[in-house]
Chemist: 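Supplied in structure tokens, the structure appears directly below.
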Amino acid sequence: MSYGAVQMGSLAVDIARVGLETAYGITSGYQSATAAADMARYNQRLAIRNAEQENINAAAATARANAAADAEAAEYARKEQLTREENARKRAYNLAVQGYSGMASDQGSSLLVNVDNAINAELDALDVRRIGQNEVNNIRYQGELNAFEHRLRQAQYLGEAENYRQQRKSILSSRNSQLWGGVVSAPFQIFGSALSNFAKTYEGWSKILNGNNTAKQPDTRLNMNLPKMQVTGTNKWGSMA
């Protein structure tokens, strides 16, 4: 096999190698970017689902608090009614005792006592109502606080979803730019490799040709600057040298 055939085969192999490496780099980068974009999209959807769940949790917390507050209000309304009834029975008993003893309930000290008892009975009933209203307000406030915490987490998840959306958008943009950049630069890389190998091949051929030409030329270095010899004597046969 001639030197030229070997060099041409090496050139073809190197061009194929550069092409495969370029294609592998483009494909590998594209697949990695696509996987990263898919992961960002999955995280975005997961964050959105979490935000939706937190919205449901907030509504549920409010509903539970309202139901508990309504039940508590009903319970204290019942207690207030029982307090009024109990105080009414006590006032009736006191009036009966006064009447049995012959005291006038609408005159003098009996009247003052009865008025004072009525006021205290109403105050007792209003005190039960006040306590009930405080309990109801505390329950509703706690429910609103729980709902607020869920809505706060909902906002955080929505923020994460937006960040993942922007991240995916950036990844896809970078992926597409790298893809087109690789496609555009691939021919130049292959051409550069081919040109480099062609130059090496040309250099090899030049060395071979120069070597052959040098071998055909006689070596004249022995004839350069040699001193001339002057013979003045005779040899052993009597002739001039």
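Values in this document were obtained by computation on a predicted structure and should not be read as measured data.
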Chemist: Distance check, rounded to the nearest 0.5 Å: Leu158 atom CG versus Glu52 atom CD?
Modeler: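 Rounded to the nearest 0.5 Å, the CG-CD separation comes to 8.5 Å.
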Chemist: How many angstroms lie between atom CG of Asn137 and atom CD of Glu135, to the nearest 0.5 angstrom?
Modeler: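 Asn137 CG to Glu135 CD: 9.5 Å, rounded to 0.5 Å.
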Chemist: Can you find a side-chain donor-acceptor pair between Asn57 and Gln53 that sits under 3.5 Å?
Modeler: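 A donor-acceptor contact under 3.5 Å links the two side chains.
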Chemist: Which value, rounded to the nearest 0.5 Å, describes the distance between Tyr76 atom OH and Leu82 atom CG?
Modeler: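 Answer for the OH-CG pair, Tyr76 versus Leu82, is 13.0 Å.
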Chemist: In Å, rounded to the nearest 0.5 Å, how long is the span from CD1 of Ile48 to CD of Glu162?
Modeler: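 It comes to 9.5 Å.
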Chemist: With rounding to the nearest 0.5 angstrom, report the NZ to CD distance, Lys169 to Gln166.
Modeler: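 Between Lys169 NZ and Gln166 CD, I get 5.5 Å after rounding to 0.5 Å.
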Chemist: Using atom types as modelled, flag every donor-acceptor pair under 3.5 Å from a side chain in residues 127-134 to any protein atom, sequence neighbours excluded.
Modeler:
residue: Asp127; atom: OD1; partner: Arg130; partner atom: NE; Å: 3.2
residue: Asp127; atom: OD1; partner: Arg130; partner atom: NH2; Å: 2.5
residue: Arg129; atom: NE; partner: Glu80; partner atom: OE1; Å: 3.1
residue: Arg129; atom: NE; partner: Glu80; partner atom: OE2; Å: 2.9
residue: Arg129; atom: NH2; partner: Glu80; partner atom: OE2; Å: 2.5
residue: Asn134; atom: ND2; partner: Arg130; partner atom: O; Å: 3.4

Chemist: Applying side-chain hydrogen bond (donor to acceptor under 3.5 Å, both in side chains), which residue pairs with at least one partner in residues 35-45 are found, sequence neighbours left out?
Modeler: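 Found none.
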Chemist: Distance from Gln156 atom CD to Asn50 atom CG, nearest 0.5 Å?
Modeler: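 Output value for this atom pair is 11.5 Å.
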Chemist: Output all residues satisfying salt bridge (charged side-chain N to carboxylate O under 4.0 Å, His left out) with Glu85, sequence neighbours left out; order by chain, then residue number.
Modeler: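 By the salt bridge (charged side-chain N to carboxylate O under 4.0 Å, His left out) rule, Glu85 matches no residue at all.
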Chemist: Using side-chain contact (heavy atoms from CB on, under 4.5 Å) as the criterion, point out the one residue from Lys90, Arg84, Arg89 that pairs with Asn87.
Modeler: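 Answer after filtering Lys90, Arg84, Arg89: Lys90.
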Chemist: Using only atom types and a distance under 3.5 Å, with no angle test, would you say the side chain of Thr83 pairs donor to acceptor with the backbone of Lys79?
Modeler: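 At least one qualifying donor-acceptor pair exists.
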Chemist: Is Arg78 salt-bridged to Glu75, cutoff N-O under 4.0 Å?
Modeler: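 Yes, this pair counts.
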